[in-house]
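Note that the numbering runs from 1 along the sequence shown for the chain. Just so we're clear, the structure is a prediction, and the values are computed from it rather than from any experiment. Counting starts at 1 for both ligands and their atoms, in listed order.
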Amino acid sequence: MGGARGGPSAPGERQHVDAGFLRRPATPARVPLCSSAGVPGRGAVGPSRGRRRCRGWELGRTAFASPPGSRPRLPASEASGRWRPRTRRGSDGRREERPGMFSLMATCCGWVRRWREPVRKVTLVMVGLDNAGKTATAKGIQGEYPEDVAPTVGFSKVDLRQGKFEVTIFDLGGGKKIRGIWKNYYAESYGVIFVVDSSDEQRMEETKETMSEVLRHPRISGKPILVLANKQDKEGALGEADVIECLSLEQLVNEHKCLCQIEPCSAVLGYGKKIDKSIKKGLYWLLHIIARDFDALNERIQKDTMEQRALEEQEKQERAERVRKLREEREQREREEAELDGTSGLADLDPEPVIVNPFQPIASVIIENEKKLEKKRQNMEKDNDGCSLKHKMDHEQIETQSQISNSSQRNSEFGLVENYQEALTQPLENEDETDQPSSESDNGKKKTKKLRIKRSHRVEPVSTDESAPKSPTPPPPPPPVGWGTPKVTRLPKLQLLGETRHNGPGECAWQPRALRGWSRPSAGRVSRRLY
Ligand SMILES: Nc1nc2c(ncn2[C@@H]2O[C@H](COP(=O)(O)OP(=O)(O)OP(=O)(O)O)[C@@H](O)[C@H]2O)c(=O)[nH]1
Ligand SMILES: [Mg+2]
C-alpha cells in the first residue's frame with residue numbers, strides 16, 4: 001500500500017488535484033478530508049495534520065502535486081479540520097496569525113453564510129455486487145429495520161434530509177443481469193456509495209472488476225466515492241486494509257481521479273439514530289466533499305443529465321420508428337394474404353358470436369314460460385283435437401292448483417306459488433308434445449322408453465319392495481312428470497314422501513305427483529329422484 005506520497009510544494013505552485021492517494025490510518029500522516037476553509041484543492045500535506053474527522057482510509061487530493069522537499073503552501077493547522085486561528089500572508093510570504101477577535105468574527109460570518117445557504121438537492125447512487133448489503137444499509141440510513149430484505153430487482157429509492165441537503169439515494173440491484181441499468185443513473189449522481197461484502201473473499205475479484213467498471217465510466221470518473229466494507233460483524237470478514245488490497249483501491253481511485261474514503265461497517269448493527277457510526281461518518285464525508293465542490297459538480301451534472309435525456313429521447317424515437325415500421329410491414333403482409341385468400345381483410349371476418357348468459361333470473365323464466373304456455377294453448381284450441389288436450393290441461397291445472405294450495409298453506413306466499421304453478425305447467429307442456437295420456441295404449445311403448453331414459457339418471461333404491469307402499473289398488477296412471485320440474489315444488493313432496501314412508505300409504509292424503517309417472521312407484525325411489 002502506498003504511504004504518504006505528498007510533499008511540500010514549491011512557492012507559487014498551483015496545488016491542483018489530479019489524483020487521490022491512500023494513507024494507512026495507523027501512520028500519523030493522514031490527510032484531512034477537507035479544510036475548514038472549504039477551498040477545493042487546498043489540502044495540506046506533512047506529518048502532523050492534527051485529528052482527522054473521519055476514520056478509515058482516505059484518498060486525498062493534493063499530495064503528490066507537491067514535489068518532496070518543497071515548502072508547504074499552507075500551514076499544518078489549515079488542513080487539520082479543527083478550528084484554528086486565521087492567518088494572513090506577510091511581506092516575506094509567510095503567514096501571520098490574525099488577532100483573535102478578527103478570527104472569531106470571520107468564523108461567525110462563516111456560520112451565517114452556511115446558515116443562509118440554500119437547500120441543495122443531491123443524488124447518490126449505491127452500487128455493489130448482489131448480497132453486499134446495499135438495501136440493508138439504505139434501510140438503516142432511512143431508519144428502517146435493515147434485516148429481512150429481499151434482493152432488489154431494479155432499484156429502490158431513499159430520500160433523507162441531512163443538514164442543508166435533500167439527499168436521494170438510488171439503491172440499485174446488484175445482480176449480474178441488472179448491473180446494466182446502473183449507467184442510467186450515473187449522469188445525475190453527485191457521488192457513489194460502493195458497498196462491498198467483506199465476508200465474501202471469493203467474490204473480491206468480481207467486486208474489483210465491477211468497481212473498476214463503475215469508476216471507468218466517463219460520467220463517474222472524478223466524482224467522490226465512499227466504499228463501505230460491510231458485514232464486519234461476520235466472522236472472518238476482511239479488514240479495511242485487506243479490502244483495499246484485494247480491490248487495488250489505491251490504484252483504481254488514482255487512475256480515475258476519484259476522491260475516496262473507505263469505512264468498515266455493519267449494516268445490521270442498528271438503524272436510524274443507532275446506525276453504525278462508520279456508515280454515518282462515511283455519508284457525512286461524502287456530502288462534505290460534494291458540498292465543497294458543489295458548483296463544479298452541479299454544472300457537470302446538469303450538462304450530463306441534459307445529454308443523457310437527449311440521448312434517451314433519441315433512442316425512444318428510434319424505437320418508436322422501428323415499431324411503426326414493423327407494424328406497417330405486418331399490416332401490409334396481412335393485406336396481401338387477405339387479397340390472396342379472396343377476402344378483403346380483417347373487416348370480412350365473422351363477427352364474434354354473441355354469448356348469451358345461461359343463468360337467467362327466475363322471474364323472466366316464469367314469464368317466458370307463461371307466454372309459451374299461452375301460445376300453445378291458443379294453438380291447441382285451434383286444432384280439432386284441441387278439446388281433449390284442453391280437457392287434459394284443465395285437469396292438470398286443477399291438480400296443480402290443489403298441489404299449490406297445499407304448498408301455499410306451508411309457505412303462506414300465494415303470489416310466489418302462483419309463479420311456481422306456472423313454472424310447473426311448463427314440463428307438462430313438454431310432456432304434451434311427446435306423450436299423450438297413458439290411457440292411449442299405442443303410445444305406451446314410447447312412454448315406457450322415455451321413462452327408462454329418465455330412470456337412467458336416477459339412483460335406484462336399495463330395496464324397492466320394502467319401501468314401496470303396499471296399496472291394495474294401484475293408483476290411476478297420472479300423466480308423467482318430467483325432470484324439468486322446478487325444485488321448489490319438490491320440497492313439499494319430499495316431506496310428504498317421508499311421512500308416507502313412515503306412516504304408510506293409507507295415511508297420506510295427498511298423492512305425490514312424481515309417483516304418478518311410474519308404473520310401480522316406490523317412495524324411496526321418488527325421494528332419491530327428488531334430490
Ligand atoms: N451479517 C450481516 N448480514 C448483512 C449485513 N448487511 C446485509 N446483510 C444481509 O445480507 C443479505 C443481503 O442484503 P441486501 O441488503 O439485500 O443486499 P443487496 O446488496 O441489496 O443485494 P441486491 O439487492 O441483490 O443487490 C441480507 O440477508 C441481509 O440481511 C451485515 O452487515 N451483516
Ligand atoms: Mg438490494
Side-chain angles (χ1 to χ4, degrees), residues 54-57 123-160 167-186 189 191-215 217 220 225-244 246-247 249 260-286:
C54 300
R55 242 178 78 217
W57 295 89
T123 305
L124 305 172
V125 279
M126 188 182 263
V127 290
L129 298 193
D130 48 297
N131 202 49
K134 297 181 292 297
T135 308
T137 308
K139 278 189 147 194
I141 291 171
Q142 211 178 12
E144 287 176 22
Y145 187 63
E147 287 191 48
D148 304 330
V149 282
T152 310
V153 181
F155 74 94
S156 65
K157 202 172 135 205
V158 172
D159 292 308
L160 58 122
V167 186
T168 301
I169 302 176
F170 284 109
D171 161 28
L172 307 179
K176 217 168 192 170
K177 290 178 184 167
I178 312 172
R179 286 176 213 161
I181 66 162
W182 291 2
K183 63 177 183 304
N184 300 332
Y185 297 83
Y186 291 164
S189 76
V192 179
I193 303 173
F194 198 101
V195 185
V196 180
D197 180 354
S198 319
S199 68
D200 196 350
E201 215 177 328
Q202 314 271 323
R203 298 186 78 187
M204 279 297 159
E205 195 53 40
E206 190 185 352
T207 308
K208 182 183 163 183
E209 280 165 21
T210 310
M211 186 185 270
S212 168
E213 215 167 293
V214 173
L215 297 186
H217 198 280
I220 288 291
I225 174 169
L226 168 68
V227 178
L228 295 177
N230 194 30
K231 303 199 185 181
Q232 290 293 321
D233 59 302
K234 278 196 166 181
E235 211 176 313
L238 297 176
E240 54 185 300
D242 294 326
V243 173
I244 289 166
C246 288
L247 300 180
L249 198 55
C260 176
Q261 174 146 310
I262 182 167
E263 289 288 348
C265 62
S266 174
V268 295
L269 277 186
Y271 57 98
K273 284 184 179 170
K274 291 181 181 168
I275 195 171
D276 187 350
K277 282 193 177 106
S278 300
I279 298 175
K280 229 191 239 180
K281 275 184 199 169
L283 198 59
Y284 286 159
W285 173 82
L286 193 56

**Q.** Heavy-atom pair with the smallest gap, counting every atom of A267 and T137
**A.** CB-OG1, 3.5 Å
Q: State whether a side-chain donor-acceptor pair under 3.5 Å links D171 with T135.
A: yes
Q. By number and element, which atoms of ligand 1 are closer than 4.0 Å to a non-hydrogen atom of A136?
A. 6 (N), 7 (C), 15 (O)
Q) Relative to ligand 1, is K234 under 4.0 angstrom through side chain, backbone, both or neither, heavy atoms considered? A) side chain
Q | Any N, O or S atom of S156 closer than 2.8 Å to the Mg ion (ligand 2) | A | no
Q: With heavy atoms of A267 as the reference, note each atom of ligand 1 found under 4.0 Å away.
A: 6 (N), 30 (C), 31 (O)
Q: Please could you name the atoms of ligand 1 that P151 approaches to less than 4.0 Å, counting only its heavy atoms?
A: 23 (O), 24 (O)
Q: Could you tell me whether E206 and R179 have a side-chain N and a carboxylate O separated by less than 4.0 Å?
A: yes
(Q) Looking only at protein heavy atoms, which one is nearest to atom 8 (N) of ligand 1, and what is the separation? (A) K231 CE, 3.7 Å
(Q) How far is atom 19 (O) of ligand 1 from the closest protein heavy atom, and which atom is that? (A) K134 NZ, 2.8 Å
Q) Which heavy-atom pair separates D276 from P264 by the least distance, and what is that distance? A) OD2-O, 4.4 Å
Q. Short list, please: which atoms of ligand 1 are under 4.0 Å from a heavy atom of L129?
A. 19 (O)
Q. For atom 23 (O) of ligand 1, which of T135, I178, T152 has the closest heavy atom?
A. T152
Q.
Is there a side-chain contact between K134 and I169 in this structure, where contact means two heavy atoms from C-beta onward sitting under 4.5 Å apart?
A. no
Q) Where is the nearest protein heavy atom to atom 6 (N) of ligand 1: which residue, which atom, and how far? A) N230 ND2, 3.2 Å
Q. What heavy-atom pair brings V195 and G133 nearest, and what distance separates the two atoms?
A. CG1-C, 4.1 Å
Q) Heavy atoms, side chains only, cut-off 4.5 Å: are R203 and D130 in contact? A) yes
Q) Counting only heavy atoms on the protein side, is anything nearer than 4.0 Å to atom 31 (O) of ligand 1? A) yes
Q: State if D197 counts as touching ligand 1 under the rule of any non-hydrogen atom under 4.0 Å.
A: no
Q.
How close do L247 and K208 get, counting heavy atoms only, and between which atoms?
A. O-CG, 3.5 Å
(Q) With heavy-atom distances below 4.5 Å as the criterion, would you say the side chains of Y186 and V192 are in contact? (A) no
Q: List every atom of ligand 1 that sits less than 4.0 Å from any heavy atom of S266, numbering the atoms from 1 in the order shown and giving each element.
A: 30 (C), 31 (O), 32 (N)
(Q) Starting from atom 17 (O) of ligand 1, what is the nearest protein heavy atom, named by residue and atom, and what distance separates them? (A) G133 N, 3.1 Å
Q | Presence of salt bridge, D200 and K234, under 4.0 angstrom | A | no
Q. So which heavy atom in the protein is nearest atom 16 (O) of ligand 1, and how far is it from that ligand atom?
A. V149 CG2, 3.3 Å
Q) What residue and atom, counting heavy atoms only, is the protein's closest point to atom 24 (O) of ligand 1, and at what distance? A) D130 CB, 3.5 Å
Q | G173 neighbourhood, listing ligand 1 atoms whose heavy-atom distance to it stays under 4.0 Å | A | 25 (O)
Q) Is a donor on one side and an acceptor on the other found under 3.5 Å between the side chain of S198 and the backbone of N230? A) yes
Q. Looking at atom 12 (C) of ligand 1, what's its closest protein heavy atom, distance included?
A. N131 OD1, 3.0 Å
Q) If we only count heavy atoms from C-beta on, is the W182 to I220 side-chain gap below 4.5 Å? A) no
Q) Counting both backbone and side chain atoms, is some N or O of G128 under 3.5 Å from an N or O of ligand 1? A) no
(Q) Just to confirm my output: which protein heavy-atom neighbour is closest to atom 1 (N) of ligand 1, and how far is it? (A) D233 OD2, 3.0 Å
